[in-house]
Amino acid sequence: MKTLGIETSCDETAVAVLESDGRIRINLISSQVAAHAPYLGVVPELAARHHLEALPRLLAEADRQVGLGDVELLSVTRGPGLIGSLLVGTCFASAYAWARKLPLAGVDHLEGHLVSPFLRLDGTPAREVPDAVLTLVISGGHSSYFLLDGGVARPLNRTRDDAAGEVFDKVAAALGLGYPGGPIVDRLADLGDPSAFSFTPPRIKDPAGALDFSFSGLKTMVIRAAQGLAALPLGDPRHPPEAVLDLLASFQRTIVDWLIAPLDELVARHRPKVIAASGGVAGNREVRARLTSWGSERGIEVLLPPVALTTDNAAMIARAGQLRAERSELDDPRALVAYPRAPWKTTGGPGGKPAFPRL
Ligand code: KG4
Ligand code: ZN
């Protein structure tokens with residue numbers, strides 16, 4: 001089914017069209033970075049208004065480039081995310097599906113990130129999702145390993161506090177480097193010495209959470225170290241002094257070490273056939289290089305999405321909708337409800353009995 005995907009859960013308005021085999025025909029994103037940058041974070045009201053303006057524009061552009069007249073399925077992000085932003089996408093998609101009598105799939109944003117490693121930007125079909133995939137989802141809202149098996153994504157660990165992307169953003173903001181912080185730190189960390197600073201790893205006492213992440217301590221240590229450097233405030237944030245570059249390199253090395261730390265244990269426990277990563281932080285060059293070499297040292301395939309599909313996009317939402325349609329999990333356009341929080345987070349998690357996202 002030729003599929004139109006719509007994503008408006010946070011600060012990117014995105015529209016994509018996929019062929020039934022998951023080939024990406026078009027993948028459009030309207031970034032709001034400039035609108036939110038002065039506030040060093042996403043302002044929900046601004047985001048919703050931007051979606052309202054950008055969505056019809058992107059759809060017209062997609063129609064002009066690849067034609068929307070023969071679309072057979074509509075897929076839209078239902079949640080989690082900013083409720084005002086989600087409502088723009090879900091109301092729009094519901095009305096569009098109703099008017100055109102198209103089947104509608106409301107998908108979880110996380111489902112999108114989970115399928116993104118199986119998509120390509122070179123015009124080739126999407127890969128089938130094999131059984132037993134161990135996926136690290138690292139974004140502004142998530143930092144978890146999931147086991148994708150039998151069509152169900154089961155969380156294997158979680159972060160006790162901040163998500164990885166959030167820490168990149170907060171560190172960069174505290175150092176006056178700009179927003180979003182991930183790509184800025186990625187670029188600057190390359191120029192510093194990653195062994196210049198060392199940070200104490202968190203101690204999680206609860207044995208059930210031994211593989212959980214915790215990043216807020218790291219964030220505080222990095223911000224304190226920055227305040228201790230006579231280098232602050234920065235003169236020109238585009239060219240920070242060497243000590244700040246060293247701090248960023250050490251921070252990035254540490255967070256990547258901690259992200260990779262549970263891998264050996266998780267692989268021993270679950271024997272996955274493929275390791276994958278997704279979410280904005282999976283676009284980080286050090287994350288990609290370290291995961292790739294981890295896999296080649298152990299002879300395990302590591303599958304990463306193209307960098308452009310690591311951050312929020314509608315191609316992954318369209319693909320997740322196609323997989324839902326294959327299972328006949330469609331939604332009534334008169335009753336599609338958006339949700340700000342992940343149901344599997346509030347109804348359970350590791351050890352509980354949550355409604356895990358399916359793939
Ligand atoms: O997946 P995403 O676009 O949105 C969420 O679902 O949260 O991820 C955005 C997050 C931001 O925190 C951003 O700073 C981070 O991903 N990010 C990166 C990189 N590119 C984006 N973090 C580290 N290195 C990058 N290259
Ligand atoms: Zn995302």
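Worth knowing before you read on, the calculation uses all heavy atoms, side chains too, and leaves out hydrogens, waters and symmetry mates.
- Side-chain N/O atoms of Glu7 and Ser9 include a donor and acceptor closer than 3.5 Å.
- For His113, the ring-ring contact (aromatic ring centres under 6.0 Å, His included) partners are His109, not counting sequence neighbours.
- Once rounded to the nearest 0.5 Å, the distance linking CG of Leu110 with OG1 of Thr77 reads 11.0 Å.
- In this structure, the side-chain hydrogen bond (donor to acceptor under 3.5 Å, both in side chains) partners of Arg253, at least two apart in sequence or on a different chain, are Glu286.
- No side-chain donor-acceptor contact under 3.5 Å links Arg224 and Gln227.
- More than 12 heavy atoms of other residues, nucleotides or ligands shown are found within 6.0 angstrom of CH2 on Trp294.
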Tell me which donor-acceptor pairs under 3.5 Å the side chains of residues 178-188 have, and how far apart each pair is, sequence neighbours excluded?
{"unit_1": "Asp186", "atom_1": "OD1", "unit_2": "Arg285", "atom_2": "NE", "d": "3.0"}
{"unit_1": "Asp186", "atom_1": "OD1", "unit_2": "Arg285", "atom_2": "NH2", "d": "3.3"}
{"unit_1": "Asp186", "atom_1": "OD2", "unit_2": "Arg285", "atom_2": "N", "d": "3.2"}

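- When the options Phe199, Trp258, Phe168 are evaluated for a ring pair (Phe, Tyr, Trp, His ring centres under 6.0 Å) with Phe251, the one that passes is Phe168.
- Cluster annotation: Val43 and Leu86 are assigned to distinct hydrophobic clusters (Ile/Leu/Val/Met/Phe/Trp/Tyr, side-chain heavy-atom contacts under 4.5 Å, transitive).
- Listed by chain and residue number, Ala16, Leu18, Ile24, Asn27, Leu119, Leu309, Asn313 satisfy the side-chain contact (heavy atoms from CB on, under 4.5 Å) test with Ala315 (two or more places apart in sequence, or in another chain).
- Tracing side-chain contacts under 4.5 Å through hydrophobic residues (I, L, V, M, F, W, Y), one never reaches Tyr339 starting from Leu104; they form parts of separate clusters.
- The list of salt bridge (charged side-chain N to carboxylate O under 4.0 Å, His left out) pairs with a residue in residues 194-210, not counting sequence neighbours, reads Arg160-Asp206.
- Contacts classified as salt bridge (charged side-chain N to carboxylate O under 4.0 Å, His left out) and involving residues 169-182 (residues at least two apart or in different chains) are given here: Asp162-Lys170, Glu166-Lys170.
- Taking hydrophobic clusters as Ile, Leu, Val, Met, Phe, Trp and Tyr residues chained together by side-chain heavy-atom distances below 4.5 Å, Leu245 shares a cluster with Leu218.
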